[in-house]
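Structure record follows, encoded as structure tokens.
Read the numbers this way: they start at 1 and go in the same order the structure lists the ligands and their atoms.
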Amino acid sequence: MAHKCWQTWLNIALVFLTTTAADFTTECQRPCDCRWQSGNKAAICANSSLRVIPVNLSSDIQILDLSNNNLLQLHQEAFKRVGLSNLKKLFLKDCNIEVVHKAAFVSLAIMIELDLSKNRIRHLHPDTFKGTEKLRLINLSNNLVDKLEDGLFRNLKYLQKVELSNNRIVRIATKAFVNLPQLKILRIDGNNLSHMKPETLMALRNLSGLDLHNNPWRCDCNLQTFRDWVISHNLYTPPTSCAEPASIRSKLWNELDSSNFACRPTILEPLPDSTIKSYEENVTLICKVVGNPTPEVFWRFNGKTIELRSFGEIRYTVSENTMDLIRFVNLTVLHTRYSDRGNYTCVAENPGGRDEKTLTLVLSKYSGSGTIAGMHEDTFAVLIGSLISILFFIGFLYAVCYSVKQSMELRRLIKTDTSSSNGETLLEGSVASEAEKGSKTDVNPFTKPPRKYEASALSIGIEMSELNKILLDNDCVSGELFNIKDYTTKYQRKLN
Ligand SMILES: *[C@@H]1O[C@H](CO)[C@@H](O)[C@H](O)[C@H]1NC(C)=O
Ligand SMILES: *[C@@H]1O[C@H](CO)[C@@H](O)[C@H](O)[C@H]1NC(C)=O
Ligand SMILES: *[C@@H]1O[C@H](CO)[C@@H](O)[C@H](O)[C@H]1NC(C)=O
Ligand SMILES: *[C@@H]1O[C@H](CO)[C@@H](O)[C@H](O)[C@H]1NC(C)=O
Ligand SMILES: *[C@@H]1O[C@H](CO)[C@@H](O)[C@H](O)[C@H]1NC(C)=O
Ligand SMILES: *[C@@H]1O[C@H](CO)[C@@H](O)[C@H](O)[C@H]1NC(C)=O
Ligand SMILES: *[C@@H]1O[C@H](CO)[C@@H](O)[C@H](O)[C@H]1NC(C)=O
Ligand SMILES: *[C@@H]1O[C@H](CO)[C@@H](O)[C@H](O)[C@H]1NC(C)=O
């Protein structure tokens with residue numbers, strides 16, 4: 001009895017096995033090859049120029065390989081429509097797929113592996129993986145995806161690996177990866193990412209492999225927290241490097257210090273090449289800067305760093321405050337004076353770089369053509385100084401002129417009296433004139449009337465050049481005059 005029973009069971013099993021085997025392999029539609037593969041019913045339809053998903057495959061198929069065909073699109077319910085709801089692995093690599101309908105994979109509730117690599121997919125709707133809750137591996141590498149929207153990878157409890165290498169991803173929304181407790185490996189290398197927030201990946205507690213290399217990372221303050229998070233969680237893999245700013249281009253993240261991830265300061269105010277006109281006694285110049293980390297800010301006046309005090313007097317005050325990355329450093333010039341006109345430069349520096357902007361201060365009370373009333377002490381002093389100098393110079397000129405006139409007078413007289421002595425020295429002449437003045441001598445008696453007015457312009461000219469010669473030969477005019485006088489006295493003595 002027991003034996004018979006056993007035989008019946010065996011027969012049933014055999015029948016069942018043969019029929020199912022016949023179903024799955026015999027129903028296999030050309031050009032597919034249906035066979036067992038690691039305990040699963042597989043339909044291998046690769047390399048076949050298929051334009052659509054085969055319609056007559058057994059619904060028992062668990063592995064479907066459609067790699068290297070020409071599907072172009074995955075329509076709504078593309079697999080449900082052809083009765084394939086038991087797929088565990090779906091290979092759609094290299095199929096020229098451009099469009100994936102948001103409900104293309106609906107009904108694939110037990111799918112664990114999906115390969116969509118090497119296609120031309122640009123966009124993935126956030127609901128694309130909504131019904132495929134058993135997924136462990138999603139391969140989307142080598143596509144044209146440019147962004148990952150909020151919710152695209154969400155509530156996939158078994159998802160362990162996501163490959164997105166070599167796409168064009170510029171932006172990953174902060175909620176693109178949500179509730180993925182098993183996610184261990186994420187590859188986003190070879191994309192167009194320049195910045196990212198740690199919040200995007202922070203919730204992935206089981207993440208142990210993160211590939212970020214070959215992206216144009218902009219290593220500034222916006223990337224700093226993400227970079228620090230990556231390093232501190234041991235998720236850094238070389239050769240993840242910086243593309244910008246130029247100063248740290250192609251430096252590896254782990255070679256740089258966190259402080260290198262800084263944002264160059266930007267001065268928002270003053271505007272470039274601006275001019276401030278003021279009538280005020282105290283003029284406040286505003287410097288408004290953004291920068292992260294908070295930059296050092298200081299002012300320069302005509303290229304020199306400003307000293308708040310000058311000769312014990314407080315000349316400037318600086319007030320500063322910082323609110324949300326915006327920093328004000330306001331410079332007040334106290335009791336403005338004429339010399340406070342000029343170029344004021346605000347300079348801001350931090351590890352990210354520096355910026356400077358210059359404004360020109362015009363003090364309107366001095367802009368008119370010199371009203372004494374508005375003038376300050378120092379200007380006045382300069383003016384007085386100039387006046388004194390001018391007066392002194394005039395006085396000097398007058399003195400010179402007077403002396404010259406005197407000596408010329410002298411010579412003219414000599415010339416007249418000694419005209420017969422033709423070209424006798426000036427000395428003799430002066431002596432003669434002195435003698436004449438004294439009128440006690442008879443050396444040159446008045447034989448002829450004085451010819452004062454005969455002294456021609458020419459002779460005056462000669463005398464002038466003669467005098468010039470003396471002036472040039474001797475440093476001091478008064479000295480020369482003294483010499484003449486000296487000789488005169490000497491000659492007088494000789495006469496006596
Ligand atoms: C399809 O072609 C690729 C390379 O051209 C080859 O590696 C792969 O084995 C082929 N697959 C099948 C099922 O013929
Ligand atoms: C699929 O099978 C049905 C009958 O089972 C047949 O009429 C149809 O032509 C087949 N289609 C293809 C594409 O082989
Ligand atoms: C994903 O696809 C790429 C390109 O086809 C391939 O090189 C890579 O090995 C795949 N990754 C996995 C885990 O299968
Ligand atoms: C990480 O994965 C292990 C199994 O690989 C799992 O037991 C654990 O709960 C996961 N951690 C989190 C935070 O989900
Ligand atoms: C990368 O993104 C930038 C804009 O952020 C864009 O100008 C550039 O063309 C993109 N590069 C590629 C290869 O897609
Ligand atoms: C200018 O500043 C000085 C010093 O703070 C102050 O004593 C003076 O009253 C100010 N002048 C004006 C016009 O506000
Ligand atoms: C101020 O700047 C202007 C233009 O930049 C320049 O022509 C001028 O000489 C500068 N003045 C001083 C005092 O440096
Ligand atoms: C600087 O000036 C700006 C504009 O007047 C003002 O908003 C800011 O509060 C000032 N900051 C300080 C510290 O004085």
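Salt-bridge check for Asp211 with Arg187: passed, with a basic side-chain N closer than 4.0 Å to an acidic carboxylate O. The pair Asp340-Arg315 meets the salt-bridge criterion, with a side-chain N (NZ, NE, NH1 or NH2) lying under 4.0 Å from an Asp/Glu carboxylate O.
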Pair up each side-chain donor or acceptor in residues 294-305 with any protein partner under 3.5 Å, not counting sequence neighbours, and list the distances.
| residue | atom | partner | partner atom | Å |
| --- | --- | --- | --- | --- |
| Trp299 | NE1 | Val329 | O | 3.1 |
| Asn302 | OD1 | Asn343 | N | 2.9 |

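A 4.5 Å side-chain heavy-atom check between Asn70 and Ser49 finds every atom pair outside the cut-off. Here the side chains of Asn192 and Pro216 are in contact, with some heavy-atom distance below 4.5 Å. Looking at Leu90 and Glu113, their side chains never come closer than 4.5 Å, going by heavy atoms from C-beta outward.
Here the closest heavy-atom approach between residue Ile53 and residue Leu71 is recorded as N-CD2, 4.2 Å.
The shortest N or O to N or O distance between Asn68 and ligand 1 is not below 3.5 Å. Between Asn192 and ligand 5, an N or O atom pair is found at a separation short of 3.5 Å.
Counting non-hydrogen atoms of other residues, nucleotides and ligands closer than 6.0 Å to CZ of Arg51 gives a total of 12 or fewer.
Heavy-atom proximity to Ile44, at under 4.0 Å, picks out these atoms of ligand 1: 13 (C). In the vicinity of Asn47, heavy-atom distances shorter than 4.0 Å reach the ligand 1 atoms 1 (C), 2 (O), 3 (C), 8 (C), 10 (C), 11 (N), 12 (C), 14 (O).
Within 4.0 Å of ligand 7, heavy atoms belong to protein residues Asn302, Asn343.
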